[in-house]
S.K.: 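After the structure tokens below, expect a handful of questions from me.
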There are 2 protein chains.
Amino acid sequence: MLLARRASPANFAIIYGMLGSAEDTMAGQFSNSMHSENCLTCKNRHADWFCNLSPQALSEYDALGMHMVVPSGSTLFFEGQAPRGISVLCAGHVKLTTSSKDGKTLLVRIAKPGDVLGLSAALLDTPYEITAQAIDPVQIKSFQRQDFLRFLERHIEGSMHAAKMLNDEYRNALNDAIRLALSASISGRVARLFLEMTAGHDHPNSHFTLSLTHENLASMLGTTRESVTRVLNEMKRKKIITIKGTLVTILRKDTLELLL
Amino acid sequence: MLLARRASPANFAIIYGMLGSAEDTMAGQFSNSMHSENCLTCKNRHADWFCNLSPQALSEYDALGMHMVVPSGSTLFFEGQAPRGISVLCAGHVKLTTSSKDGKTLLVRIAKPGDVLGLSAALLDTPYEITAQAIDPVQIKSFQRQDFLRFLERHIEGSMHAAKMLNDEYRNALNDAIRLALSASISGRVARLFLEMTAGHDHPNSHFTLSLTHENLASMLGTTRESVTRVLNEMKRKKIITIKGTLVTILRKDTLELLL
DNA sequence: ATAAGATTGTGATGGTCATCACGTCGGACT
DNA sequence: AGTCCGACGTGATGACCATCACAATCTTAT
């Protein structure tokens with residue numbers, strides 16, 4: 001099994017065992033995943049990932065960062081913490097959330113491979129605005145804040161990619177705000193979310209996989225678990241959608257659009 | 001009176017008279033405002049504005065863009081339009097909104113001098129995500145999309161500034177989403193907004209100017225004009241805040257924080 | 001000064017949804 | 001098999017707020 005090189009002293013050591021839940025299941029869980037410790041030979045790199053760089057830049061990038069593996073359930077960083085570094089997600093998914101003091105949580109988004117974590121906090125050098133928790137076994141390439149910023153300053157392609165990433169984050173956050181503000185009813189918010197999911201280039205048309213619990217959905221929609229359950233069942237009852245496992249199919253897109 | 005050089009053919013001509021309301025009042029309304037047509041000699045430039053550039057970059061920047069003046073009330077661009085260019089705001093304020101088909105509107109933010117308008121749409125080359133309407137007489141420096149992008153690619157300081165601007169937009173949108181999602185009650189959202197306003201570096205402590213109508217506030221808070229009126233009066237009645245004209249004073253910050 | 005329009009104030013009413021409470025289901029581990 | 005635990009389903013109730021309707025101010029134009 002591929003094990004990550006150790007993190008730079010004190011910088012990322014914290015992330016191991018933060019939640020303590022999954023350490024004992026680490027052995028073997030990466031055994032058959034396709035991944036590489038070397039960005040130059042990495043097969044997973046994709047056109048619109050941050051790490052899609054020219055050979056020279058890529059080799060500097062590779063040398064600068066630390067390859068790491070994080071078990072599912074671990075928290076990479078918490079809202080409010082001082083920024084410790086920047087990570088580019090190579091594999092796995094990370095849940096990004098913010099919470100209020102009374103325990104309510106907003107699920108901001110699920111980060112996918114290619115995304116950059118902690119970019120905003122690092123640029124502003126202010127505390128993390130969100131909490132990042134691995135929901136799969138995750139591989140990341142980690143950088144010291146200053147290393148990463150200097151890399152951006154040296155490589156225009158890097159800073160253009162960073163701008164693209166920030167732009168994506170902006171659009172996503174704006175979408176969240178729009179969904180919450182412009183659809184007063186819960187069914188409207190669900191409809192909007194589902195239409196966004198199909199608009200995204202997942203499946204060609206009217207179905208997509210939704211691996212979120214009702215609790216998670218509620219937390220994206222600013223509502224409660226019970227209300228999500230009710231709305232979803234109502235939609236199924238009215239044959240607007242069907243749900244089989246994690247696969248959601250939209251049967252009547254026009255009806256969904258009426259709910260906005 | 002300083003008049004803008006004419007816009008490049010067909011590109012910005014549209015913005016004049018879009019709303020048709022203010023053209024006849026243009027004469028004289030800028031007569032005593034401090035501004036310059038030349039970025040190199042412009043006294044208004046500020047450290048964290050986009051146009052805070054090194055002398056070489058600045059002179060290229062100045063040559064590349066078109067200085068323009070837009071009357072209050074005009075719309076610079078509409079949500080859904082193909083991006084026509086990028087503008088850096090030199091003076092005045094611009095209201096940024098999105099709307100749903102049924103007329104509900106989300107006030108995303110009020111752009112201030114130094115902000116870049118249309119950056120996200122230009123980077124992605126997708127339709128504007130928001131509508132931009134001048135609420136003051138506004139001066140802008142306008143660029144063709146390609147010119148601006150090439151400028152960014154040539155000048156690392158430019159792309160770093162662009163990243164900073166996008167980051168600000170991201171943080172702002174995220175804040176909007178948080179306000180809407182984590183504070184269920186209207187009073188909670190008002191409280192959150194007011195605490196944000198004081199946290200911002202306006203006045204040192206517990207008061208700030210609020211030049212928004214109740215209608216505008218409602219549109220930032222995802223609620224109605226009437227509810228805003230009621231909550232504001234309730235807060236005044238309970239001596240949590242006072243409002244004199246546009247000046248809001250927070251009397252009991254702790255009580256506001258309880259409402260979140 | 002007066003009219004016209006925008007903004008703010010306020011009551012009444014009905015619907016939507018948060019909350020609480022509990023029941024059901026299905027997978028994981030022993 | 002049985003237990004445990006997280007996820008899902010569902011009813012009852014009351015609070016909060018959107019909506020409608022209209023009155024009272026405050027602004028601006030002519």
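Below, each value reflects all heavy atoms present in this structure, side chains not excepted, and no hydrogens, waters or symmetry copies. Just so it is clear: chains get the letters A, B, ... in the order the sequence lines come, proteins before strands, and each one is counted from 1. In this text, all values refer to a predicted model and were calculated from it rather than measured experimentally.
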S.K.: Using whole Å, what does the distance between atom P of nucleotide D/dC8 and atom CZ of A/Arg237 come to?
M.R.: 20 Å
S.K.: Kindly indicate whether the side chain of B/Arg230 and the base of D/dT19 share any N or O donor-acceptor pair separated by less than 3.5 Å?
M.R.: yes
S.K.: Just the rounded figure in Å: distance from P of C/dG26 to NZ of A/Lys244.
M.R.: 17 Å
S.K.: Rounded to whole Å, please give me the gap between CG in B/Leu232 and C1' in C/dT10.
M.R.: 15 Å
S.K.: Between B/Asn172 and B/Val108, is there a donor-acceptor pair closer than 3.5 Å when you use the side chain of the first and the backbone of the second?
M.R.: yes
S.K.: So, OP1 or OP2 of C/dC17: does either fall under 4.0 Å of a side-chain N or O from A/Ser227?
M.R.: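 Looking at the OP1 and OP2 atoms of C/dC17, neither is under 4.0 Å from any side-chain N or O of A/Ser227.
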S.K.: Strictly below 4.0 Å, N to O, side chains only: are B/Glu234 and B/Lys238 in salt-bridge contact?
M.R.: yes
S.K.: Measuring to OP1 and OP2 of D/dC8, would you say a side-chain N or O of A/Asn233 lies under 4.0 angstrom away?
M.R.: no
S.K.: Between B/Gln133 and B/Gly73 (side chain of the first, backbone of the second, donor and acceptor by atom type, cut-off under 3.5 Å), is there such a pair?
M.R.: yes
S.K.: Can you tell me the distance, in whole Å, between the CD atom of A/Glu234 and the P atom of D/dT10?
M.R.: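 Atom CD in A/Glu234 sits about 11 Å away from atom P in D/dT10.
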S.K.: Measure the distance from CD1 on B/Ile135 to C1' on C/dA6 and round it to the nearest whole Å.
M.R.: 16 Å
S.K.: For DNA chain D, which residues in residues 212-226 of chain B have a heavy atom at a distance below 4.0 Å?
M.R.: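 B/Thr223, B/Thr224, B/Glu226 - these, ordered by number, are the residues of the stretch whose heavy atoms sit under 4.0 Å from the strand.
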S.K.: Hey, does the side chain of A/Ser219 reach the backbone of A/Thr105 with a donor-acceptor pair shorter than 3.5 angstrom?
M.R.: yes
S.K.: By the salt bridge (Lys or Arg N to Asp or Glu O under 4.0 Å) test, which pairs, at least two apart or in different chains, include something from residues 175-186 of chain A?
M.R.: A/Asp176-A/Arg179, A/Arg179-A/Glu196
S.K.: Starting at atom CE of A/Met235, determine the distance to atom P of D/dG9, rounded to an integer number of angstrom.
M.R.: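 Spelled out: CE on A/Met235 to P on D/dG9 is 14 Å.
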S.K.: Would you say A/Val190 and A/Leu221 make side-chain contact, with heavy atoms under 4.5 Å?
M.R.: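 Contact flag for A/Val190/A/Leu221 side chains = yes.
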